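Throughout, numbering of the chain's residues begins at 1 and tracks the sequence. Being a predicted model, the structure only gives us computed values, none of them experimental.
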Amino acid sequence: MKSHHHQLLFMFLVFFAQKIELLTAETFTGTYGINYGRIADNIPSPDEVATLLRAAKIKNVRIYDADHSVLKAFSGTGLQLVVGLPNGFVKEMSANASHAMAWVKENVQAFLPKTSVCGIAVGNEILGGGDYELWEALLGAVKNIYNAVDKLGLADVVQITTAHSQAVFDNSYPPSSCIFRENVAQFMKPLLEFFSQIGSPFCLNAYPFLAYMSDPENIDINYALFQKTKGIYDMKTDLHYDNMLDAQIDATYAALEDAGFKKMEVIVTETGWASLGDANEAAATVGNARTFNYNLRKRLAKKKGTPLRPKMVVKAYIFAIFNENLKSGPTSERNFGLFKPDGSISYDIGFHGLSSAESSLLSLKAVQSQGLTKSYILILTISAATLILFLKQ
């Protein structure tokens, strides 16, 4: 009888270990994430940002580097973090596998498992950009970073990706006509081949704001803002689109299918709407930014796919947490934040500012200090109760 109990106990512990592994290996929880840009000298500390995000129940976060102050601040929070390998490192990582290994060890492995680093974005919007040497270096960097992650036994936990702008596409209207630009395709196809082998998605930075701004006379702003509109009809696929973001995603699926990668998932790694702009950026208003982001939250909460891929649930990272005062370019570039630099909300879409977030999390201090998420607590409670039952028998 005793050996039977021991066998059951062993099976339970194996099950328990698998559940913990599942918790650590999640890449994207739910459908809503956010980009944490930090090109600013007036935003809250990473510790305060972690508090703000947990209070807002935003679990998926992307940063554009691997800043150790952020990685330390997110330790024990349960926030799922994608770190970035900046474009300036891509050529070096492509040319030198040992440098890639050193970077992964220092910026990812050293913080696991307390900080949930679930992905590495190798560069940002390289293909379609102006540095052709970077185009040539991207695949090598991706492979060397992946091989380092794999050799360290982290390939099941840390996903390797790179984000693309819409500059990689040709003929994106209607969605079914979209293909990769001819000069991009020769670099894109080997990259997609590798990503399909390792199970990575296609990461898309898609901005209805920018698309609308490029052609306001022919694009209905309601279509860009998820408002009621007649939308567009794609004759080739016999599909109707009532919002631009869905059309942008399906244009991406069409290009992937044309390139031979019909099964690859598309994840939106950036989307958002500016709340302030220059004189020639009339659409950048608080009202439009609120409408876009409020309706986007509602759309993502439905956990549904697009007209072309109804079973592929749309997942998106919003750009961004804060307005970033040191960014260059037009005024709109500095005003994409859901929150102002002082941590108060830029406009109301259901989130609360930092001050209320701090007070709401006071009761969780004990949990936070132990670095335990609710999921861990639940599993540990169940496991403890089960072990007590075994010991009583």
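- A donor-acceptor pair under 3.5 Å is absent between the side-chain atoms of Arg62 and the main chain of Val82, judged by distance alone.
- The backbone N or O of Ala284 lies less than 3.5 Å from no partner atom in the side chain of Asn288, so there is not a single donor-acceptor pair.
- Panel note: side chain Trp273, backbone Thr285; no donor-acceptor pair is recorded below 3.5 Å.
- Atom NZ of Lys340 has 12 or fewer heavy atoms from other residues, nucleotides or ligands within 6.0 Å.
- Counting only heavy atoms from C-beta outward, the side chains of Ser172 and Gln166 never approach each other to under 4.5 Å.
- In plain terms, the two heavy atoms of Phe336 and Ala274 that are nearest each other are CE2-N, 3.5 Å.
- For Asn60 (side chain) and Thr29 (main-chain N/O), a donor-acceptor pair under 3.5 Å exists by modelled atom type.
- Residues Ile58 and Ile321 have side chains not in contact (no heavy-atom distance under 4.5 Å, counting atoms from C-beta outward).
- Residue Cys203 holds its SG atom at 10.5 Å from NZ of Lys315, rounded to the nearest 0.5 Å.
- One finds the CD atom of Gln80 at 5.5 Å from the NZ atom of Lys59 (value rounded to the nearest 0.5 Å).
- The CG atom of Asn218 sits 10.5 Å away from atom OH of Tyr212, with the distance rounded to the nearest 0.5 Å.
- A distance-only check finds no donor-acceptor pair linking the side chain of Ser75 to the backbone of Leu71 [under 3.5 Å].
- Inspection of the Asn205 and Thr269 side chains reveals an N or O donor paired with an N or O acceptor under 3.5 Å.
- Nearest heavy atoms, Asn124 versus Ala163: OD1-CB, 3.5 Å.
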- Message: As a quick check of understanding, evaluate side-chain contact (heavy atoms from CB on, under 4.5 Å) for Glu257 and Arg309, giving each step before the final call.
- Response: CA-CA 12 Å; Glu257 186 169 347; Arg309 294 284 188 273; 3.3 Å; yes
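- Using a distance-only test at 3.5 Å, with no hydrogens or angles considered, a donor-acceptor pair links the side chain of Asn323 to the main chain of Gly337.
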- Task: Could you please spell out the steps behind the side-chain contact (heavy atoms from CB on, under 4.5 Å) verdict for Trp135 and Val184?
- Result: CA-CA 9 Å; Trp135 291 29; Val184 168; 3.9 Å; yes
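- Side-chain atoms of Ser200 and Tyr146, non-hydrogen and from C-beta on, never get closer than 4.5 Å to each other.
- Between Phe292 and Phe226, the angle of the ring planes lies from 30° to 60°, which puts this pair in the tilted group.
- Here the OH-CG distance, from Tyr233 to Asp238, works out to 3.5 Å after rounding to the nearest 0.5 Å.
- Counting heavy atoms from C-beta on, the side chains of Tyr36 and Leu81 never come closer than 4.5 Å.
- In Phe111, the CZ atom is crowded: over 12 heavy atoms of neighbouring residues, nucleotides or ligands sit closer than 6.0 Å.
- If you chain together hydrophobic residues whose side chains sit under 4.5 Å apart, Tyr294 and Ile345 fall into the same group.
- Contact check for Val266 versus Met312: no side-chain heavy atoms found under the 4.5 Å cut-off.
- In this structure, Asn144 and Ser94 approach most closely via the heavy-atom pair ND2-O, 3.2 Å.
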- Are Arg290 and Ile349 close enough, and set up right, to give a side-chain contact (heavy atoms from CB on, under 4.5 Å), and what steps lead you there? CA-CA 6 Å; Arg290 182 195 175 278; Ile349 60 166; 3.9 Å; yes
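- Looking at Asp234, its side chain never comes within 3.5 Å of a backbone N or O of Pro174 through a donor-acceptor pair.
- Contact between Arg334 and Lys327 at its shortest, heavy atoms only, is NH1-O, 2.9 Å.
- The closest donor-acceptor contact from the side chain of Asp250 to the backbone of Leu308 lies under 3.5 Å.
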- Item | Chi angles and distances behind the salt bridge (Lys or Arg N to Asp or Glu O under 4.0 Å) call for Lys230, Asp220 | CA-CA 9 Å; Lys230 67 177 184 179; Asp220 179 3; over 6 Å; no
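- Judged by distance alone, the side chain of Thr31 and the main-chain N or O of Lys303 form no donor-acceptor pair under 3.5 Å.
- No single ILVMFWY cluster, assembled from side-chain heavy atoms under 4.5 Å apart, contains both Val313 and Tyr253.
- The line from OG1 of Thr291 to CG of Leu296 is 12.0 Å long, rounded to the nearest 0.5 Å.
- In the model, Asp278 has a side-chain atom that pairs as donor or acceptor with a side-chain atom of Thr331 under 3.5 Å.
- Checking side-chain atoms of Ser165 against main-chain N and O of Ala167 turns up a donor-acceptor pair under 3.5 Å.
- Aromatic pair Phe28/Tyr317: centroids less than 6.0 angstrom apart.
- Gln197 CD: more than 12 foreign heavy atoms inside a 6.0 Å radius.
- The hydrophobic clustering, which links ILVMFWY residues whose side-chain heavy atoms are closer than 4.5 Å, places Leu204 and Ile179 apart.
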- Message: Pair Leu85, Trp103 - check side-chain contact (heavy atoms from CB on, under 4.5 Å), show working.
- Response: CA-CA 9 Å; Leu85 177 80; Trp103 190 91; 3.5 Å; yes
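- Among the candidates Leu245, Ile249, Leu210, Asn293, the single residue satisfying the side-chain contact (heavy atoms from CB on, under 4.5 Å) test with Thr271 is Leu245.
- Under the 4.5 Å side-chain criterion, counting only non-hydrogen atoms from C-beta, Val49 is not in contact with Arg38.
- Between Pro208 and Gln248 there is a side-chain heavy-atom pair separated by less than 4.5 Å.
- Closest heavy-atom contact between Gly37 and Glu324: C-OE1, 3.0 Å.
- Between Ile232 atom CD1 and Tyr223 atom OH the span is 3.5 Å, to the nearest 0.5 Å.
- Side-chain contact between Tyr64 and Asn35: present, with at least one pair of heavy atoms (C-beta onward) separated by less than 4.5 Å.
- A side-chain contact (heavy atoms from CB on, under 4.5 Å) with Glu48 is found for one member of Leu53, Ile43, Leu354 and no other, namely Leu354.
- Residues Ile198 and Val108 share a single hydrophobic cluster, defined by chaining ILVMFWY side chains whose heavy atoms lie under 4.5 Å apart.
- A centroid separation of 6.0 Å or more is found between the aromatic rings of Phe202 and Phe261.
- The side-chain tip of Lys189 does not point at the ring of Phe180 from less than 6.0 angstrom away and within 45° of straight on.
- Between Phe322 and Leu52, the shortest heavy-atom contact is CZ-CD2, 4.1 Å.
- A continuous path of Ile, Leu, Val, Met, Phe, Trp and Tyr side chains, each step under 4.5 Å between heavy atoms, connects Val286 with Leu225, placing both in one hydrophobic cluster.
- Checked by atom type, the side-chain pair Ser69/Asp67 shows a donor-acceptor distance below 3.5 Å.
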